[in-house]
Amino acid sequence: MRFSKLRLNGFKSFVDPTDLIIADGLTGVVGPNGCGKSNLLEALRWVMGENRPTAMRGGGMEDVIFAGASTRPARNFAEVSLQLVDNSERLAPAGFNDEDTLEVVRRITRDIGSAFKSNGKDVRARDVQMLFADASTGSHSPSLVRQGQIAELINAKPRARRRVLEEAAGISGLYQRRHEAELKLRGAETNLTRVDDVLEQLTAQLASLARQARQAKRYREIGAELRVAEGMLLYRRWKEADQARAEAEAALREMVTAAARGEAGAREAAKAREAAEAAIPPKREEEAIAGAVLQRLTVERDALASQEAAALEAVASLEKRIAQLGHDIERETGLNHDAGETIERLEWEAAEIVKASDGFG
């Protein structure tokens with residue numbers, strides 16, 4: 001795999017777009033400490049799919065974005081693109097064989113995350129890692145030697161040296177694929193275990209469904225009987241409603257006839273009312289006259305009543321006087337009788353006195 005250009009934009013100290021042209025032969029970058037030489041290697045690892053912040057010498061993956069300086073503001077994103085040439089044989093994995101030249105771009109935005117693109121199309125990080133693993137390279141390749149790593153390779157354990165030999169032999173991609181195949185196999189075993197669990201659940205569900213099917217069959221039978229019963233009930237209700245309709249129509253005809261008679265009677269009553277209203281004015285005049293006469297008679301009655309009361313009082317007074325005179329007459333009659341008796345007695349005495357005087361004479 002041949003790299004032709006590495007482009008950095010906002011990555012660590014490369015705040016402005018910077019191109020590193022990788023020509024045929026040996027390409028070297030010379031500069032003092034702190035000028036960003038290690039940042040180029042980290043950018044190469046990062047665009048190949050490195051996801052460990054510690055490998056980028058940071059606490060988080062967003063630390064690769066330019067954090068700002070006294071004269072430059074911080075950037076909101078970082079982007080690294082790597083151009084690969086000679087893909088004419090189409091040996092790259094599926095999704096990368098559209099053109100002879102490949103360009104892999106990785107962009108990270110604050111608070112959003114990073115994304116990969118290949119020739120302008122979105123791809124997965126796993127696809128990018130497999131692209132470089134098939135070419136016996138990648139972000140963890142021993143051929144990417146960082147500062148101080150030469151001594152580590154010299155003192156490395158046989159296992160680490162084996163990785164170098166495997167990459168040189170071009171079989172590191174096979175190990176990567178084997179690792180993925182093992183992960184897929186373990187995932188398949190897990191899925192099979194889950195399938196067994198699902199089968200057990202489905203068996204229980206099947207028994208439940210069989211029971212529900214029996215219940216549904218019984219439900220359909222009962223539903224059919226219920227529909228027949230409902231049909232008979234509806235027919236009977238329809239017959240009753242039809243009979244009620246006939247009775248209502250007969251009653252309506254009678255009511256219409258009665259209403260017609262009532263209307264005729266109402267017309268006659270209206271005529272009678274009109275005649276009565278026409279006769280009302282004379283009656284009202286007569287009523288007024290009768291009222292006046294009644295008022296006059298009432299006044300005369302009141303006067304006569306007053307006179308009658310006065311006459312009755314006079315009669316009562318006269319009767320009392322008559323009664324008193326009767327008592328007086330009786331009293332005088334008694335006195336006259338007593339006086340008569342007294343006179344008769346006196347006359348007798350006088351006679352006796354005369355007789356007596358005649359005897360002595």
Side-chain angles (χ1 to χ4, degrees), residues 1-23 27 29 31 34-87 90-141 143-147 173 176 180:
M1 177 174 288
R2 293 179 56 196
F3 303 153
S4 61
K5 184 173 68 174
L6 179 67
R7 182 180 180 85
L8 300 90
N9 184 9
F11 185 86
K12 289 198 172 184
S13 60
F14 295 91
V15 59
D16 295 322
T18 304
D19 293 338
L20 174 63
I21 305 301
I22 304 174
T27 300
V29 178
C35 68
K37 298 186 299 297
S38 299
N39 291 342
L40 294 174
L41 180 61
E42 292 174 359
L44 191 60
R45 289 180 181 273
W46 189 68
V47 77
M48 286 183 178
E50 179 60 65
N51 291 320
R52 296 176 302 167
T54 55
M56 299 291 104
R57 294 182 298 172
M61 192 55 70
E62 292 184 358
D63 292 341
V64 301
I65 304 174
F66 177 70
S70 58
T71 58
R72 302 293 296 272
R75 298 290 295 272
N76 194 38
F77 72 93
E79 183 178 279
V80 177
S81 65
L82 179 63
Q83 287 188 0
L84 295 82
V85 297
D86 194 12
N87 190 34
R90 301 294 193 269
L91 299 178
F96 296 93
N97 292 323
D98 296 338
E99 300 178 9
D100 294 339
T101 302
L102 295 179
E103 183 180 15
V104 178
V105 181
R106 184 176 186 180
R107 180 187 179 96
I108 184 172
T109 306
R110 292 188 188 276
D111 301 327
I112 295 179
S114 62
F116 288 88
K117 288 187 178 182
S118 173
N119 292 336
K121 298 189 302 182
D122 292 332
V123 294
R124 301 179 304 171
R126 173 63 61 185
D127 297 333
V128 174
Q129 293 171 357
M130 289 303 303
L131 170 66
F132 291 106
D134 288 342
S136 298
T137 183
S139 60
H140 302 291
S141 174
S143 59
L144 298 178
V145 181
R146 65 180 181 275
Q147 185 178 3
Q176 182 70 20
E180 288 192 359

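Residues V47 and V80 share a closest heavy-atom pair of CG2-O, 3.4 Å. When all heavy atoms of F3 and M48 are compared, the pair lying nearest together is CZ-CE, 3.3 Å. When all heavy atoms of M61 and E50 are compared, the pair lying nearest together is CE-O, 3.9 Å. The minimum heavy-atom distance linking K12 with N39 is given by the pair CD-OD1, 3.3 Å. Of all heavy-atom pairs between R107 and E79, the closest is NH1-OE1, 3.1 Å. Contact between K5 and I21 at its shortest, heavy atoms only, is CD-CD1, 3.5 Å.
Summarising the geometry, atom CG belonging to L40 is positioned 4.0 Å from atom CZ belonging to F14; distances are rounded to the nearest 0.5 Å. Expressed to the nearest 0.5 Å, how far CG of L102 lies from OG of S4 amounts to 10.0 Å. Note that the CD1 atom of I22 and the CG atom of L82 stand 6.5 Å from one another [nearest 0.5 Å]. Note that CE of M56 and OG of S38 are 11.0 Å apart. Values are rounded to the nearest 0.5 Å. Between the CZ atom in R52 and the CZ atom in R45 there is a gap of 7.5 Å [rounded to 0.5 Å].
For R106 (side chain) and W46 (main-chain N/O), a donor-acceptor pair under 3.5 Å exists by modelled atom type.
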Kindly list each side-chain donor-acceptor pair under 3.5 angstrom involving residues 64-78, sequence neighbours excluded, with atom names and distances?
residue	atom	partner	partner atom	Å
R72	NH2	D16	OD1	2.9
R75	NH1	V15	O	2.5
R75	NH2	N9	OD1	3.4

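Under the side-chain contact (heavy atoms from CB on, under 4.5 Å) rule, F116 has a single partner from L131, D122, D127, V123, which is V123.
Contact annotation: the side chain of R57 never approaches that of D63 to less than 4.5 Å [non-hydrogen atoms, C-beta and beyond].
Partners of D19 under the salt bridge (charged side-chain N to carboxylate O under 4.0 Å, His left out) rule, at least two apart in sequence or in another chain, are R7.
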